[in-house]
Amino acid sequence: MASTTLHIIGIALAAVSVGMLACALLEALTSRRDTAALAVSALVTGAAGGVLWYVTRPGVVRKRHIFATVAWTWVVITGVGALPFILGGTFDYGGAGLVEQVVNSLFESASGFSASGSTVLADFESPGRGLMMYRQLTHWYGGMGVVVLAVAVLPFLGVGGLELISAEAPGPSSDRLTPRVSETARRLWIVYIGFTVCAALAFFGADGFSSLYDAVAHAFTVAATGGFSVHADSIGHYDSVAVETVAIVFMILGGTSFSLHWRAVANRTVTYHRNSEFRSYLTMLAMASIVIVILLWLENGLSLGSSIRGGVFTVVSLGTSTGLSNATGPGSPGDYVTWVAGAQLVLLLLMVVGGCTGSTSGGIKVMRMRVLGLTMLRSMRHTQTPRAVIPIRLGRDVIGEGVVARVAGFFLLHFVLIIMGLLAVTALGGDLESSLGAVVSALGNMGPALGEAGPTSNYAVAFSQPARLVLALLMVIGRLEIFPMLLAAMALADRGRTALR
Amino acid sequence: MSWGLATLVDAGLVVGVATMLCGLAGIGDDNPDALAFGGVGAALALVAAVARRRVAPPERPTAGRVFAGIGLLWTVLVLFGAALYAGTGSVSRFDDAVVESAAGFTTTAVTLLDAAEVSRTVLLFRAATSWVGGLVAIVIAVVTLPVVLRSTALIGYTTGRRGQDLVPNATVGIRRVFTLYSSFTAVCAAAYLLTGLGPVEALVFGLGTASTGGFTGRVDSMAGYGAGTQAVAAAGMLVAGAGIFVIWWVVRGRVRPLWRSQELRTFLVLLVVATLAIAVHRGVGWGEAGFMALSMMSTTGFAVADWTAWGTSATVVLLVAAGIGSMLGSPGGGMKVMRARLLMGSAGGELRRQLDPYALILVRRDGETLTQRTLDRLGGHQIAFVVLVGSGAMLLGISGVSLLGSVWGSVSAFSTVGPSMGEVGAYGRLEGLDWPSRLALVPLMMGGRMTIPPLLAGVGLILRWYRVAVRQSRFRTRLAERRRQTRSKSDHDDA
């Protein structure tokens, strides 16, 4: 493995260990149950990160190493991130053996760092506050990306920096905010931290929130468009319109490009409406909300108020790939697995699309969907005028053919991965409805899925252990937008073939 | 005279003769259907034969007209069938008649008919609609698109170099396709006869097998038949799914193209893999697994067992097989094996390009290298495929079908398979659906039968007409406004 790759992994591990340490302190000050688990994890992670950082020297990152660097960093932090859950015995209930505990911990860690929000946690009362906050913190780290963080603290990283950010950041191209890559990464993190603070304050001020702990925990979730909550019934626990409204606003903002947030803050002017992707994103959420509210009202027999409350919250939650739920229990208006099939299919579509490029959300992304739609329209025009040269435009910009081909390739691979994932998960024992929802949800980093893996259930009920591992892998693949993980796997295969020869 | 009208006349002749023969077959049954079908068929055949002498297709029709003609052709065929079903009272409601007719002409194995309740004539007519639908689909794929249109935009939908062997020109191509298709149907029917079926049943099964229509008229499809009949059906589906080129090569004794065909190899490999993947399930026999894999990949829709009760992953394998579909030049639907191959090659190339942006990545089809432009267009069509299937699922979901039934039903109907998980079930019975859901299947089946380019062209034409109409109406309004202003000004001057 290249020295720079190990160096970046070292920095990422060090960053994660700081979070673990902070949570260990919180645990020591509050419930004290998992203090040792968090402290030991922080020590091990920090030591491993420190050694890697000390013994390796960063250099220029080669093109072929970029994807491997990002992929390996994510694999390592997902593995190490499971340590507090394993050591704390978080999943040691119901006669679970060590293997099952490890599998569940890895699943929870992958779900956390990939900002998915799918959970196998059934007992939300036993773990201490520190451990629960660590669970939320994994979202926050993964939302903006640990590699972006590493680049921000690596001022000497040369050529490959922007490519590293591109490989990790969601979207077909990364937005360079400043000429210096490390400065771009730093600014992104500054906006991200500011956003989280604002969300925490808004939650804390909302009628229904009981503590600062709850507010910070949910701020981590909405900033990262994750989906974890410190309560088993998620946002439904508060049963408060004010809390849900705050969550809706911050989920929408979390699904928006952070470059746009930076520009709004830096220029002190609101420029969101000039961004065509943002307009499409809002239109999509509005249209989906209208359709679902009508379907819930007319076909599910809910009152108009319940339809609006349940429909809009769920649309925004899944449309931004957050995955929070306002269901107060099975069969309540927010429990979307009880909705009519048409409404669930609209949600499935939202799960596939996701939020804007450059945001913390998952899915294919609105911009890519627009490019795909325009490619389809171009094909439509080509059937009549086969020789016409028709460029694809987004707003006033003409999209290069290379980007169009890349987007089409991404879509195809996404589609193929859904099918492969579906085959694998159903072969490992999942039912079709839950598996379809879970695979789409995992690749799009949504969180809750359909069927037995709905918002009022959890993945341990719906899927076998091997299926959970497959889903965890899909979450990481989805978070890195497919290419890095597949290319890293291809590089490994190539190396194996060469070694065999 | 437009290309569409000429095609419509040709199809009218075939449908007329087929309908007349169905009527003739029912004479002596003491059933009024025979007379009605025979009379309508004879009249249609006569009108078409007279019109055929007067209507000649243009030498070089434009792509838009050809696609519009294809859309018109399928619509008229479906409406004709529906009128006949409803007019003779074979199907009581007109909307159900439209569904039955659409299922027939699009070679989709869903039905409301029960062989125990309908006359021999209606049974044969339903099977004949599938046969005509299959014939039209093959002619469009191997003659119209590659020879009449000669458009590079359609690579992936046409048959490339190998097409020139079977179809040197349109006239010879149509004649050969008709002969091969009819002969194959006759062989299938004869084989069914040998397994002990009655003549009408053998003919219905033969027509359903050769056209990949999958219609049997029985509520349990092929489940109640012996191993011999099922083996004939499996062999027939294999050949029908492999397409007209394979039949041509076999008839001509040409082994080399058979051996060198990437598409055939992929088709067979996929079949074997699907069979293995299904057969690992407890309680599923190898024969059943192979039969159902064949049925789905050829998009025929015959069933020998209630496969919806098999393991979940087996049903997913069947869903994927139905989505991929058969080979080019077959009457089956789906994405087609060749296009799936090309798209996978294109996606793999894009993955490699991430490492080396300047890499020259070639995607080949039977030795032919495809341009990036062609692959982009194919990608656009693939996106349209997914969008249409997704929209179809949503349409079904909103019309009241369950989530699983909507997703499965949309893929199955768009691939012209028919049976699906959920309300429709393994044997393709439509009684479980409400009328809005049944009607929602019609555009899906027809869309799948037309394939993507004509569908996109049709939508494009409608959009263009709409734009022109809007422009004209704006122009007229402006003109009227100006006239009014001029008149009021002159009135004012006069005053």
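A note on names: the letters A, B, ... follow the listed sequences, proteins ahead of strands, and every chain is numbered from 1. Just so it is clear, the model here is predicted, and its values are computed rather than measured.
For B:Val280, no part lies under 4.5 angstrom from a heavy atom of chain A. Heavy-atom distances place the side chain of B:Thr315, and not its backbone, under 4.5 Å from chain A. With a 4.5 angstrom heavy-atom cutoff, A:Leu428 does not touch chain B via any of its atoms. For chain B, no part of A:Leu377 is nearby; none of its heavy atoms comes within less than 4.5 Å. When heavy atoms are compared at a cutoff of 4.5 Å, A:Phe415 approaches chain B solely by way of its side chain, counted from C-beta outward. In this structure, the portion of A:Glu299 lying under 4.5 Å from any heavy atom of chain B is its side chain and not its backbone. For A:Val346, the parts lying near chain B are the backbone and the side chain together; criterion is any non-hydrogen pair under 4.5 Å. Contact of A:Leu423 with chain B is made through backbone and side chain together, with heavy-atom distances under 4.5 Å. Using a 4.5 Å cut-off between heavy atoms, A:Val340 makes no contact with chain B at all. With a 4.5 angstrom heavy-atom cutoff, A:Leu374 does not touch chain B via any of its atoms. Residue B:Val317 touches chain A through both its backbone and its side chain, counting heavy-atom pairs closer than 4.5 Å.
Once rounded to the nearest 0.5 Å, the distance linking CD1 of A:Ile482 with CG of A:Leu487 reads 11.0 Å. Taking CD of A:Glu433 as the reference point, atom CD of A:Gln344 lies at 6.0 Å (rounded to 0.5 Å). The line from CE of B:Met394 to CG of A:Leu349 is 4.5 Å long, rounded to the nearest 0.5 Å. A:Met485 CE to A:Trp72 CH2: the interatomic distance, rounded to the nearest 0.5 Å, is 8.5 Å.
Nearest heavy atoms, A:Ser280 versus A:Arg370: OG-CD, 3.2 Å.
Highest contact tally toward chain B, considering only A:Leu372, A:Val416, A:Leu413, A:Val425, is held by A:Leu372 [criterion: heavy-atom pairs under 4.5 Å]. Chain B forms the most heavy-atom pairs under 4.5 Å with one residue out of A:Gly373, A:Ala405, A:Ala427, A:Ala343, and that residue is A:Ala405. Comparing B:Leu343, B:Leu403, B:Leu396 by heavy-atom pairs within less than 4.5 Å of chain A, the highest count is held by B:Leu403. Contact count against chain B (heavy-atom pairs under 4.5 Å) is highest for A:Leu422 among A:Leu450, A:Val291, A:Leu422.
Residue pairs meeting the side chain to side chain donor-acceptor pair (under 3.5 Å) criterion with at least one partner in residues 414-432 of chain A, sequence neighbours excluded, are A:Asp431-A:Ser434. Applying the side chain to side chain donor-acceptor pair (under 3.5 Å) test to pairs two or more places apart or on separate chains, none has a residue in residues 405-414 of chain B.
Of the possible polar contacts, none joining the B:Lys336 side chain to the B:Gly334 backbone as a donor-acceptor pair under 3.5 Å is found. A donor-acceptor pair is defined here as one N or O able to donate and one able to accept, closer than 3.5 Å; no such pair exists between the side chain of B:Ser346 and the backbone of B:Leu342. The backbone N or O of A:Ala449 sits less than 3.5 Å from a side-chain atom of A:Tyr336, completing a donor-acceptor pair.
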